[in-house]
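Presented below is the structure to which this report refers.
Numbering of ligands and ligand atoms starts at 1, following listing order. FYI, side chains are in, hydrogens and waters are out, and symmetry mates aren't considered; it's all heavy atoms of this structure.
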Amino acid sequence: MKRRTFAGIGAGVFLLPLAAACGNGDDSGDGGGDGLVVGFAQVGAESAWRTANSESVQAAAEADDRIAELKFVDAQQDQEKQIEAVRNFITQQVDVIVLAPVVETGWTDVLQEAADAGIPVVLADRGIEAADEDLYVTRLGSDFAEEGRKAGQWTVDTFAADPDGVTRILELQGTTGSAPANDRKAGFFEVLDGEGLAYELVDSQSGNFTAEEGKAVMETFITTHGLEGIDLLYAHNDEMGLGAIQAIEEAGYAPGTDIQIIIVDGSKAGFQAGVDGKLNYIVECNPVFGEQLMDVVVAVSEGDEVEKFTPVEEGVFDASQFEAELPNRQF
Ligand code: AHR
């Protein structure tokens with residue numbers, strides 16, 4: 001059984017020893033047959049983005065004859081369930097573990113266990129805190145801070161010349177402690193502060209990336225602050241933005257007009273809301289990277305050089321582009 005350790009290498013290109021192979025050494029994961037056995041601990045099914053991501057990864061694994069089996073676990077947005085899934089993958093001696101970490105912290109012990117077992121870990125989608133960077137090989141996913149910067153730049157471009165002077169903002173954050181919530185917030189305010197926009201963050205709460213919680217938080221915002229004089233809602237994903245739009249309409253306001261709205265993801269439902277004039281800017285977050293992930297998994301199992309982080313390609317869309325783009329959306 002071939003085993004190797006991979007802790008202790010810093011950021012940048014990650015190089016596995018050339019002699020290294022997959023976790024159980026025979027490229028099968030089940031002691032026989034061809035192809036890799038891969039364990040995938042997915043966040044959950046909280047959004048259209050997530051469903052599309054799960055489908056993309058599962059379809060790519062199914063179609064790829066380098067992959068013998070994908071063991072898929074839906075952790076229902078619960079870190080304990082994800083840790084349990086990773087431990088089960090270690091017990092089953094899978095060849096590669098793919099983890100989409102629900103939050104950034106709390107991974108040291110279980111990732112050390114994977115390292116001790118000689119099983120490489122690939123992060124898909126979300127990242128973890130820098131202190132644990134040596135405990136995974138590579139991350140494939142979005143540059144969430146850049147997504148936040150894109151939202152911030154549109155905000156500056158849209159409101160800098162506002163004669164009222166101060167742009168009043170509501171923010172619906174994603175899951176507390178998650179990489180996209182932390183980084184989308186940081187990137188957004190980095191640009192507002194850097195560009196010197198006069199703004200007031202009127203309120204900012206987590207809607208946990210779901211439509212239900214996004215709607216409930218927006219109802220609370222409206223009850224607490226009203227909507228008069230609020231310029232912008234920045235929602236960290238489509239579902240929360242769509243939930244908020246419902247709350248705004250039920251309160252008798254016109255989303256997209258009485259209050260401008262930015263969402264992140266770019267699902268069909270998000271674009272349709274844009275076509276309907278109910279929101280104003282979409283920052284794309286691309287979930288369809290299953291085939292690319294399989295290439296990374298195979299490369300890692302074979303000890304190839306891989307970048308520490310590979311961002312997926314993503315765009316931005318304003319109101320003039322919603323209608324033309326809608327038919328192109330894949331989720
Ligand atoms: O980690 C990606 C984020 O997770 C997506 O923006 C969101 O919709 C999902 O829940």
Side-chain angles (χ1 to χ4, degrees), residues 40-57 73-79 81-82 98-105 107 122-129 136 139-151 171-188 205-215 217 233-245 261-274 279 281-290 292-293 309-317 329-331:
F40 179 24
Q42 176 62 293
V43 169
E46 73 282 4
S47 60
W49 189 101
R50 186 66 53 196
T51 303
N53 182 246
S54 295
E55 286 172 2
S56 171
V57 174
V73 173
D74 172 344
Q76 299 166 314
Q77 297 218 78
D78 180 339
Q79 184 177 31
K81 288 194 170 75
Q82 276 197 305
V98 176
L99 170 65
V102 61
V103 291
E104 291 193 285
T105 56
W107 298 103
V122 171
L123 300 187
D125 171 32
R126 300 180 182 180
I128 59 175
E129 63 181 341
Y136 67 90
R139 176 165 91 86
L140 172 66
S142 302
D143 183 339
F144 300 122
E146 186 57 23
E147 292 171 348
R149 285 184 208 108
K150 290 170 178 169
E171 182 184 32
L172 271 171
Q173 298 180 48
T175 302
T176 303
S178 69
N182 292 341
D183 294 353
R184 285 173 185 163
K185 183 180 189 67
F188 181 77
Q205 303 287 335
S206 173
N208 202 24
F209 284 129
T210 69
E212 296 71 22
E213 289 174 74
K215 180 169 188 259
V217 173
L233 170 68
Y234 171 37
H236 287 194
N237 85 338
D238 282 25
E239 269 65 27
M240 294 189 297
L242 294 169
I245 284 171
I261 299 175
I262 302 173
I263 59 170
V264 185
D265 277 353
S267 62
K268 285 178 186 161
F271 269 84
Q272 186 60 59
L279 56 86
Y281 198 59
I282 297 175
V283 177
E284 183 182 35
C285 183
N286 180 5
V288 187
F289 54 74
Q292 211 179 341
L293 181 62
F309 171 52
T310 304
V312 295
E313 281 188 25
E314 297 173 335
V316 290
F317 303 89
R329 303 316 294 171
Q330 293 183 54
F331 66 103

Who pairs with S206 by side chain to side chain donor-acceptor pair (under 3.5 Å), at least two apart in sequence or on another chain?
none

In terms of its nearest heavy atom to atom 1 (O) of ligand 1, the top option of R126, H236, E284 is R126

For atom 9 (C) of ligand 1, find the nearest protein heavy atom and state the residue, atom name and distance (0.1 Å precision).
E46 OE2, 3.3 Å

Protein contact of atom 8 (O) of ligand 1 - nearest heavy atom, named by residue and atom, plus distance
D265 OD2, 2.6 Å

Below 4.0 Å from ligand 1: does a non-hydrogen atom of V264 turn up there or not?
no

Salt bridge check, D125 against R50: does any charged N sit closer than 4.0 Å to a carboxylate O?
yes

May I ask whether R184 has any heavy atom positioned less than 4.0 angstrom from an atom of ligand 1?
yes

Chi angles and distances behind the ring pair (Phe, Tyr, Trp, His ring centres under 6.0 Å) call for F317, Y281
CA-CA 6 Å; F317 303 89; Y281 198 59; 8.7 Å; no

Starting from atom 2 (C) of ligand 1, find the nearest protein heavy-atom neighbour and note its residue, name and distance.
D125 OD1, 3.4 Å

Return yes if some donor-acceptor pair links the side-chain N/O of R329 with the main-chain N/O of G266 below 3.5 Å, else return no.
yes

Would the distance check show the side chain of W49 and the main-chain N or O of C285 forming a donor-acceptor pair, the cut-off being under 3.5 Å?
yes

N or O pair under 3.5 Å between W49 and ligand 1
no

Check ligand 1 against F209 and write out every atom of the ligand that is under 4.0 Å from a heavy-atom position of the residue.
7 (C), 10 (O)

Regarding N182 and E104, do their side chains bring together a donor and an acceptor under 3.5 Å, going by distance alone?
yes

Please determine if E146 and R149 form a salt bridge, counting it only when a charged side-chain N lies under 4.0 Å from a carboxylate O.
yes

Using a strict cut-off of 4.0 Å, indicate which atoms of ligand 1 neighbour a heavy atom of P180.
1 (O)

Is there at least one pair of N or O atoms, one from E239 and one from ligand 1, spaced under 3.5 Å apart?
no

